[in-house]
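So the structure is just underneath, and the comments pick up after that.
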Protein chains: 2
Amino acid sequence: MQATTALLTDHYELTMLQAALADSAGQRRAVFEVFARQLPDGRRYGVTAGTGRLLEAIEAFRFDDAALTHLASAGVVDEPTLNWLADYRFSGDVWGYAEGEPYFPHSPILLVESTFAEAVLLETLTLSILNFDSAVAAAASRMTVAAAGRPCIEMGSRRTHEYAAVAAARAAYIAGFGSTSNLLAGQYYGVPTRGTSAHAFTLLHDTERDAFTAQVHSLGKGTTLLVDTYDVAEAVALGVEIAGTDLGAVRLDSGDLLAQAYDVRAQLDELGATDTKIVVTSDLDEFAIAALAAAPVDGYGVGTSLVTGSGSPTAGLVYKLVAREGQDGELVAVEKKSKDKPGVGGRKHAARRYDRHGLADAETISVSGPVSGDHFRQLLIPLIREGEVVGHKSLDDVRRHHEQRRAELPRTALQMSRGLPAIPTRYEEQP
Amino acid sequence: MQATTALLTDHYELTMLQAALADSAGQRRAVFEVFARQLPDGRRYGVTAGTGRLLEAIEAFRFDDAALTHLASAGVVDEPTLNWLADYRFSGDVWGYAEGEPYFPHSPILLVESTFAEAVLLETLTLSILNFDSAVAAAASRMTVAAAGRPCIEMGSRRTHEYAAVAAARAAYIAGFGSTSNLLAGQYYGVPTRGTSAHAFTLLHDTERDAFTAQVHSLGKGTTLLVDTYDVAEAVALGVEIAGTDLGAVRLDSGDLLAQAYDVRAQLDELGATDTKIVVTSDLDEFAIAALAAAPVDGYGVGTSLVTGSGSPTAGLVYKLVAREGQDGELVAVEKKSKDKPGVGGRKHAARRYDRHGLADAETISVSGPVSGDHFRQLLIPLIREGEVVGHKSLDDVRRHHEQRRAELPRTALQMSRGLPAIPTRYEEQP
């Protein structure tokens with residue numbers, strides 16, 4: 001992979017650019033908005049994620065020599081456009097929802113304001129990052145709700161593209177997962193990484209006893225032993241025999257997790273290993289986690305369904321031109337009239353309204369100006385000002401923000417069942 | 001993103017490595033196998049994809065100073081393991097199905113043979129690449145079947161992780177898509193890229209006439225005009241007025257594509273623009289494409305459903321230890337006894353059996369030795385020999401291989417409906 005992000009872009013952004021530069025409309029001031037027409041699959045809320053990655057990616061969005069050479073040789077755009085691209089550096093403003101912020105249908109989670117030429121180029125990259133990361137974060141958030149405080153471990157790297165895996169680990173952490181299996185997410189984002197062993201380690205050895213002995217010897221008594229390669233009860237007994245009652249945890253990765261969790265807990269307690277924890281993995285999703293709420297389980301490892309957004313692998317966010325300069329130099333609201341994909345024109349303001357208990361009760365969007373007052377919290381914060389990134393936040397701050405803002409949603413937001421968004425989206429105009 | 005791929009790896013691969021190095025089992029010869037227990041979602045065949053990317057990724061799998069420093073500071077593994085990793089370079093053998101080859105449940109699409117220590121490290125990276133690319137290729141292959149020769153354009157970059165998008169464009173091309181919107185896939189893999197304009201370009205201008213005039217002026221009469229921003233019939237008339245009957249194509253991106261395609265075709269023909277093509281986009285999948293088979297449509301642009309595997313965003317491939325050296329130095333078949341995820345032990349051979357009409361009729365797998373004979377085609381080809389990549393192929397060769405091998409499947413393989421795999425998987429042993 002290469003350092004510049006500029007070619008992570010659809011061909012048509014560049015042909016539009018060429019045509020717009022040629023007729024000077026490219027220099028018109030423009031506002032693009034990122035929003036979702038609906039939440040996927042009956043979800044109650046979405047989760048803004050990827051913003052921090054996007055800011056880094058925009059900083060790296062330069063057309064280097066290799067990129068320009070490719071565009072020239074492939075005949076993507078003409079010479080004047082290539083010259084313009086060689087100097088490209090986004091110089092406009094970006095506003096957005098704080099990363100980790102819940103969102104709802106038509107929440108304007110990102111506004112990109114610049115010339116059309118500068119802003120149109122960022123469409124594909126912006127959507128790729130926000131759509132993937134937000135899809136994973138939304139699924140992860142439901143899982144951590146279902147886990148009700150028990151630790152969740154992200155372990156889906158093998159079930160998605162190798163670099164998507166790193167972003168997924170980051171997005172899951174934002175939404176409350178405590179750790180990941182992905183080492184690059186550890187190196188690059190500082191997400192805590194965890195892992196001990198797989199069935200292959202047991203099968204490598206002549207006996208399960210040899211395998212457990214080797215693992216405890218090398219990784220310590222606090223390790224997690226995988227106990228379902230052969231017979232679970234025999235493996236649990238063997239684990240406690242080898243590691244003693246200080247054994248850290250056992251992991252169940254197949255079979256009826258609910259029944260087995262009770263059996264294994266009873267066996268561990270009987271052996272005196274009352275502090276040994278039980279971790280379950282095996283194709284968990286938010287529903288399976290919820291079904292284990294009463295069981296004696298101490299942690300959940302989640303893979304496939306997390307990194308694939310639990311049935312909704314993309315957030316469905318779009319990047320639409322909502323306003324641009326008119327002939328008189330003033331911004332004009334614009335919107336498509338297509339039958340099934342209507343837009344709402346105009347540069348938006350957004351605030352969340354709270355009831356007297358401090359719970360969110362509406363997402364308010366306005367075109368005329370900010371909706372303000374005691375019961376409103378403004379949602380759009382500056383991310384880039386005149387080309388300079390001003391919105392960097394630490395991942396732990398983002399994680400706390402999500403936890404705090406999710407806690408302010410009405411309780412219907414936390415239901416696992418399909419339904420309407422937890423709060424309605426209202427268009428309000430200042431008098 | 002960084003040049004080394006070594007940390008695109010689950011934490012537990014390294015802790016297993018540490019424990020295995022400490023007790024010398026790590027030096028046992030081992031065979032890992034990649035296979036799918038089942039095809040997703042009633043599919044009739046899978047498509048092996050990602051192999052070429054994987055070979056590049058394995059060549060780049062080295063623990064550089066930054067990676068080692070991270071592993072040390074995060075306490076992932078101990079000093080002897082770090083020293084071993086510093087010299088790591090895969091020195092074993094890899095066999096696999098040719099990229100583009102159809103596969104079926106339990107087809108051994110990749111075999112990794114080396115010491116346990118060397119081979120276990122490649123699990124996560126191998127699965128990430130093959131699972132994502134194969135999921136996209138499988139969906140893409142069904143779409144090109146449904147398109148029945150009409151060109152398909154991959155345009156899903158915005159609906160998946162920014163680098164997954166590049167891999168998706170490559171996988172779609174393997175499975176018969178003719179082009180992609182993704183510029184990096186053009187630069188990096190040579191996939192032809194295409195694109196013209198979006199609704200934003202029309203909305204940027206004061207009138208649709210201004211927009212179309214600017215586009216035709218800059219991109220030529222052969223361009224594709226997007227005609228559904230306001231009124232389709234007016235836009236089609238305007239397009240032909242401006243570009244003349246040489247107008248390349250019009251694109252429909254909303255509404256009832258079936259009805260509109262007929263209306264627009266009739267209108268274009270009446271205007272004399274009989275060569276102007278109609279391209280449709282708007283949330284297409286293989287079923288929507290099939291439903292448009294009789295309509296006057298000249299090309300399909302596919303986004304979301306392609307890059308998310310049309311309901312199956314991961315191929316469900318696993319990487320399992322199937323054989324390892326025993327105390328006597330001979331390979332011993334191993335398999336997990338877990339209740340719901342049984343494995344089949346042993347180093348596999350695989351061949352596809354053909355009937356007298358030249359159609360595939362069984363996937364034959366054997367542990368004892370190759371199943372040979374006139375009606376069998378061997379499926380495992382050498383990809384890496386003693387650490388050296390020997391299996392590089394051009395993307396066009398891979399694409400042709402897929403087309404040729406798909407054409408040899410029984411016709412049930414090409415049905416859109418859910419069902420059983422097109423051919424059964426049989427375990428056969430040589431006498």
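A, B, ... follow the sequence lines: proteins, then strands. Residue 1 opens every chain. Worth knowing before you read on, the calculation uses all heavy atoms, side chains too, and leaves out hydrogens, waters and symmetry mates. All values reported here derive from a predicted model rather than from experimental measurement.
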Distance, nearest 0.5 Å, that separates [atom1] of [X] from [atom2] of [Y]:
{"X": "B:Glu162", "Y": "A:Leu127", "atom1": "CD", "atom2": "CG", "answer": "11.5 Å"}
{"X": "A:Arg159", "Y": "B:Thr124", "atom1": "CZ", "atom2": "OG1", "answer": "10.0 Å"}
{"X": "A:Leu226", "Y": "B:Lys336", "atom1": "CG", "atom2": "NZ", "answer": "7.5 Å"}

Exercise for review: Answer yes or no: are there more than 12 heavy-atom neighbours, outside A:His70 itself, under 6.0 Å from its atom NE2?
Suggested key: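 Yes, NE2 of A:His70 has more than 12 neighbouring heavy atoms, counting only those of other groups under 6.0 Å.
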Using every non-hydrogen atom in the two residues, find where [X] and [Y] come nearest and quote the distance to one decimal.
{"X": "B:Ser181", "Y": "A:Asp10", "result": "OG-OD1, 2.5 Å"}
{"X": "B:Ala19", "Y": "A:Gln215", "result": "CB-CA, 4.2 Å"}
{"X": "A:Leu8", "Y": "B:Val166", "result": "CD2-CG2, 3.8 Å"}
{"X": "B:Tyr12", "Y": "A:Thr196", "result": "CB-N, 3.3 Å"}

**Study point:** Residue pair B:Asp23 / A:His217, side-chain heavy-atom distance below 4.5 Å
**Key:** no
Which answer fits [X], side chain, backbone, both or neither, if we ask what part of it has an atom under 4.5 Å from a heavy atom of chain A?
{"X": "B:Leu125", "answer": "side chain"}
{"X": "B:Arg194", "answer": "backbone"}
{"X": "B:Leu14", "answer": "side chain"}
{"X": "B:His11", "answer": "both"}
{"X": "B:Arg158", "answer": "both"}
{"X": "B:Phe201", "answer": "both"}

Review point. When the ring planes of A:Phe132 and B:His161 are compared, do they come out parallel, tilted or perpendicular, using 30° and 60° as the limits?
Key: perpendicular
Interface moiety of [X] toward chain B, non-hydrogen atoms closer than 4.5 Å:
{"X": "A:Leu130", "result": "neither"}
{"X": "A:Ala25", "result": "both"}
{"X": "A:Thr193", "result": "both"}

